[in-house]
Amino acid sequence: QRIYSAYGAVTDPTALIGYDAVWLIGLALMDKGEAATAADVISSIYNITTDTEPGLAGVSGRLELTDAGDKEDSGYSFYEVTSTTTSEVTHAYTFSGVTPQIIAVTDTGVSFTPVAGNVIKMGVLVTETGDLGEAGMSALKGIQDAASALNNYYAFYGSDNRVELEVKDAGTTSAEALAALDELHADGITLVTGMVSSDITSALLANINAYGMYYISAGSTSESLAVAGDNLYRFILSDSSMTDALGMLMTADGKTHVTIIYRNDTWGTELKDSVTAYLTGNGATVNAAVAYTPGDESSYSTAVDTAET
């Protein structure tokens, strides 16, 4: 509600993830002090999220990272369209501290000693247009709100630190995103957060590592991005978890013959392959897998028609 009131925009979960990313960076900077490097900040984030039991509570949920820099655990809710105007949660998938399971749904802080500081510049890289534009702008609103709240927090506790955001539109292509990343690098920014696709993140990663930058992502869930030792950190679950959730839901619903319609990019292709492997490994048959082009409504309509035949 606060984000909506401040920015006049309805947000999705990427706003909450972006919010947590900015706050963790800010807390880590207070922990490490004015001379902290980007590597120091990442190390502190690991300490903050793992030393708090049962994990640091963020607005997006429990925050604890794997060795690959991904969110440790969480869950999913599945929505079913019940009419032309409404939808409701019908199932939930959970694996936080328990054996993964599908559940039918019937009912609809850490403190640090402040230190003298300065202006902390954070880069923000989001897709503002295209089919992921809505998610990108949602993440941006959460990030902006977090920066404002963090500056108030600094002031309240007597810290001279202040957060300043440098926002870049990643565009809809890898070339546009690489140009935006180069601009952030040229401005001396080493800590970046935001929301872009898995395709674009994959294209950026070599430069992020080479530049000594660290990217804390509110999106980019492809399994292939879960690599230990790189400079990508994701406050969102990897699709390995979504694979289990979707496969388990279809199995629980008794689906034995499945046709998959998938987005023809890194994210969609990897998820299609993983879900296919899960289903076939659990006795189901995948009759067909039909791709559509992201952002092309006619391509999606064609894919649906093909799947129905």
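- Taking OG of Ser197 as the reference point, atom CZ of Arg263 lies at 7.0 Å (rounded to 0.5 Å).
- With hydrogens and angles disregarded, no donor-acceptor distance shorter than 3.5 Å links the side chain of Ser44 to the backbone of Asp40.
- The hydrophobic cluster containing Leu246 also contains Leu279, counting ILVMFWY residues as joined when their side-chain heavy atoms lie under 4.5 angstrom apart, directly or transitively.
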Determine, stepwise, if the pair Thr172 / Thr129 fulfils side chain to side chain contact (heavy atoms under 4.5 Å, CB included). CA-CA 7 Å; Thr172 58; Thr129 56; 3.7 Å; yes

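- What you find for Ser224 and Thr266 is that their closest heavy atoms are OG-CG2, 4.3 Å.
- Considering all non-hydrogen atoms of both residues, Pro294 and Asp131 come closest at CB-OD2, 3.8 Å.
- Between atom CG of residue Asp20 and atom OG1 of residue Thr193 there is a gap of 10.0 Å, rounded to the nearest 0.5 Å.
- The shortest non-hydrogen separation linking Val196 to Ala170 is CG1-CB, 3.5 Å.
- Here the side chains of Tyr214 and Ile208 are not in contact, with every heavy-atom distance at 4.5 Å or above.
- The backbone N or O of Ala291 lies less than 3.5 Å from no partner atom in the side chain of Asn264, so there is not a single donor-acceptor pair.
- Within the 4.5 Å cutoff, side-chain heavy atoms of Thr276 are placed close to those of Ile260.
- Clustering ILVMFWY residues whenever any of their side-chain heavy atoms sit less than 4.5 angstrom apart, transitively, puts Ile189 in a cluster other than the one holding Ile120.
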Applying side chain to side chain contact (heavy atoms under 4.5 Å, CB included) to Thr285 and Thr280, what does each step give before you reach the verdict? CA-CA 6 Å; Thr285 299; Thr280 55; over 6 Å; no

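- Separating the CG atom in Asn231 from the CG atom in Leu205 is a distance of 7.5 Å, to the nearest 0.5 Å.
- Following chains of ILVMFWY side-chain contacts shorter than 4.5 Å, one cannot reach Val192 starting from Met122, and the two form parts of different hydrophobic clusters.
- Val258 is not connected to Val290 by any chain of hydrophobic side-chain contacts under 4.5 Å among Ile, Leu, Val, Met, Phe, Trp and Tyr, and they are in different clusters.
- Side-chain atoms of Leu125 and Leu204, non-hydrogen and from C-beta on, do get closer than 4.5 Å to each other.
- No side-chain heavy atom of Met250 sits under 4.5 Å from any side-chain heavy atom of Tyr278.
- Taking OH of Tyr215 as the reference point, atom CG of Leu184 lies at 10.5 Å (rounded to 0.5 Å).
- Smallest separation of non-hydrogen atoms from Ser174 and Asp199: OG-O, 4.4 Å.
- Under the 4.5 Å side-chain criterion, counting only non-hydrogen atoms from C-beta, Ser217 is not in contact with Met195.
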For the pair Thr201 and Leu225, evaluate side chain to side chain contact (heavy atoms under 4.5 Å, CB included) and give the outcome as yes or no after the intermediate values. CA-CA 8 Å; Thr201 298; Leu225 293 172; 4.0 Å; yes

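- Here Arg162 does not pair with Glu164 in a salt bridge; the nearest charged N to carboxylate O distance is not below 4.0 Å.
- Ring geometry for Tyr292 versus Tyr300: interplanar angle over 60°, hence perpendicular rather than tilted (30 to 60°).
- Contact check for Ile143 versus Leu165: side-chain heavy atoms found under the 4.5 Å cut-off.
- You'll find the side chain of Ile25 reaches within 4.5 Å of the side chain of Ile216, heavy atoms only.
- When atom types are taken as modelled, the side chain of Glu176 and the backbone of Thr173 share a donor-acceptor pair closer than 3.5 angstrom.
- Between atom CG of residue Asn287 and atom OG1 of residue Thr256 there is a gap of 8.5 Å, rounded to the nearest 0.5 Å.
- Side-chain N or O atoms of Arg234 include one that pairs as donor or acceptor with a backbone N or O of Ser220 at under 3.5 Å.
- Side-chain atoms of Asp239 and Thr221 form a donor-acceptor pair, as typed in the model, at a separation below 3.5 Å.
- Between Asp182 and Lys168 there is no salt bridge, since no side-chain N of the basic residue sits under 4.0 Å from a carboxylate O of the acidic one.
- The hydrophobic clustering, which links ILVMFWY residues whose side-chain heavy atoms are closer than 4.5 Å, places Leu271 and Leu132 apart.
- Under the 4.5 Å side-chain criterion, counting only non-hydrogen atoms from C-beta, Asp265 is not in contact with Ser198.
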Derivation of the side chain to side chain contact (heavy atoms under 4.5 Å, CB included) call for Val275 and Met242: CA-CA 9 Å; Val275 170; Met242 188 184 293; over 6 Å; no

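- Nearest approach of Val22 to Ala147, heavy atoms of both residues: CG1-N, 3.9 Å.
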Worked check of salt bridge (charged side-chain N to carboxylate O under 4.0 Å, His left out) between Lys255 and Asp253: CA-CA 6 Å; Lys255 309 300 183 186; Asp253 280 349; 5.4 Å; no

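- Here the CE atom belonging to Met248 is positioned 8.0 Å from the OG1 atom belonging to Thr251, to the nearest 0.5 angstrom.
- Closest heavy-atom contact between Glu223 and Glu270: N-OE1, 3.2 Å.
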